[in-house]
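One-based numbering, in listed order, for ligands and for the atoms of each.
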Amino acid sequence: MNFRLPRQDKFLFELPKVSKMAQRPYIVGNWKMHGTRAMLAEARAIDRAAERLIKVEVALAPPYTLIHATRKEAGLIGVGAQDCHPADGGAHTGDISAAMLKDAGAGFAIVGHSERRADHGEKDADVREKADAAISAGMNVIVCVGETEEQRDAGKAESVVAKQLKGSLPEGEGVAEKVTVAYEPVWAIGTGRTPTVEDISAMHVSIRNVLQKLYGEEAGAGVRILYGGSVKPDNAAELLSADEVGGALVGGASLTAESFLGIIIAAAGGEEG
Ligand code: 13P
């Protein structure tokens with residue numbers, strides 16, 4: 001093919017950078033402790049629909065026991081884990097390393113979910129170790145942060161989240177492109193309550209500032225920030241419209257293809273294709 005670039009050198013310098021605005025919305029389903037093999041039918045249906053919804057990047061984080069089967073049954077969507085152990089291996093009965101998860105088919109790991117912070121006493125430093133382990137194993141990470149209701153009422157939401165980010169995010173050369181942040185206010189998870197669009201925007205802008213301080217302006221601008229907490233098909237479009245929201249981390253509404261697809265279609269702008 002005979003393709004000639006325009007002659008002006010200037011043209012090359014004026015090419016727009018691929019900005020975060022060009023990224024597809026990222027919609028991730030966190031199945032938590034739900035799902036036996038019977039639920040693979042939902043994963044298959046989500047995967048088939050994702051083939052048509054190419055404007056959206058879709059992923060599922062099923063329980064460990066379904067990672068391998070989900071990867072096999074659903075070939076298009078991303079598949080990830082809900083946690084990982086920080087060590088490479090060893091005498092840790094019942095735990096699973098990042099390398100094992102990668103081997104089972106996981107492309108990413110969620111780390112620092114508030115349910116793990118609450119149920120297992122995970123601190124920011126633990127979350128960072130897990131994120132480091134997942135990245136070393138060749139996976140991406142979704143690092144979760146979010147304030148409690150008490151902290152929000154005390155006017156400390158943004159400072160609490162900034163502290164969590166500074167303590168939990170992995171650092172190092174080239175790491176930012178492996179990281180997604182999920183802002184999940186603890187009081188919005190599974191409650192049917194959500195922050196206002198203004199509150200989500202303010203928090204996401206504040207998270208963006210922390211990311212740019214930590215990773216540099218450009219790398220920090222490329223990190224996707226998901227909102228999570230009671231995202232449903234009927235509120236998804238509104239929540240996703242908030243500033244700096246690059247997608248959603250969805251719990252309950254990701255458990256059936258029908259409701260999860262409602263969210264994915266909302267993220268695609270309300271239309272398939
Ligand atoms: P819900 O969507 O059920 O509120 O859960 C959100 C969540 O914790 C996703 O990680």
Side-chain angles (χ1 to χ4, degrees), residues 25-35 39 42-43 46 56-64 66-67 70 77-84 101 106-120 122 127 130-131 134 139-149 151-152 157 160-161 164-165 168 179-197 199-200 203-204 207 224-240 242 245-267:
Y26 187 30
I27 306 295
V28 184
N30 172 9
W31 279 5
K32 308 193 179 186
M33 201 168 72
H34 299 286
M39 252 173 83
E42 303 297 329
I46 291 163
V56 183
E57 187 176 344
V58 180
L60 280 179
Y64 292 145
L66 291 180
I67 287 175
T70 304
I77 60 172
V79 176
Q82 299 170 18
D83 183 43
C84 69
L101 295 166
F108 68 92
I110 298 171
V111 292
H113 193 284
S114 60
E115 287 153 13
R116 296 224 41 107
R117 290 177 188 259
D119 295 355
H120 300 272
E122 291 183 10
V127 176
K130 288 173 180 228
M139 291 192 285
N140 292 338
V141 288
I142 300 178
V143 179
C144 301
V145 291
E147 82 286 355
T148 62
E149 184 156 36
Q151 290 164 333
R152 175 156 287 269
V160 164
V161 166
Q164 288 177 335
L165 288 168
S168 310
V179 173
T180 295
V181 168
Y183 166 58
E184 301 203 304
V186 176
W187 53 272
I189 294 177
T191 58
R193 295 165 56 209
T194 61
T196 62
V197 170
D199 284 345
I200 295 175
M203 179 60 84
H204 280 234
I207 292 172
R224 272 187 292 209
I225 312 171
L226 313 183
Y227 167 77
S230 296
V231 179
K232 308 287 174 206
D234 58 1
N235 65 12
E238 192 188 4
L239 297 171
L240 289 165
V245 172
L249 184 55
V250 184
S254 70
L255 294 173
T256 66
E258 191 186 359
S259 59
F260 197 42
L261 288 174
I263 294 170
I264 296 165
I265 289 167

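- In this structure T194 satisfies the side chain to side chain donor-acceptor pair (under 3.5 Å) test with no other residue, sequence neighbours excluded.
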I'd like a table of the close N/O pairs between ligand 1 and the protein (anything under 3.5 Å), one pair per line with both atom names and the distance.
from, atom 1, to, atom 2, distance (Å)
ligand 1, 2 (O), G251, N, 2.9
ligand 1, 3 (O), G252, N, 2.8
ligand 1, 4 (O), G190, N, 2.7
ligand 1, 4 (O), S230, N, 2.8
ligand 1, 5 (O), K32, NZ, 3.3
ligand 1, 8 (O), K32, NZ, 2.8
ligand 1, 8 (O), H113, NE2, 2.8
ligand 1, 8 (O), E184, OE1, 3.4
ligand 1, 10 (O), N30, ND2, 3.0
ligand 1, 10 (O), H113, NE2, 2.9
ligand 1, 10 (O), E184, OE1, 3.2
ligand 1, 10 (O), E184, OE2, 2.9

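- With a 4.5 Å cut-off on side-chain heavy atoms, T180 and V28 do not count as touching.
- Annotation: side chain to side chain contact (heavy atoms under 4.5 Å, CB included) contacts of S114 (sequence neighbours excluded): V186, I189.
- Remark: E149 pairs with D153, W187, R193 by the side chain to side chain contact (heavy atoms under 4.5 Å, CB included) rule, at least two apart or across chains.
- Under the 3.5 Å distance criterion, the side-chain polar atoms of E42 are matched with a main-chain donor or acceptor of A257.
- Defined by atom type and a distance below 3.5 Å, a donor-acceptor pair is missing between the side-chain atoms of H113 and Q82.
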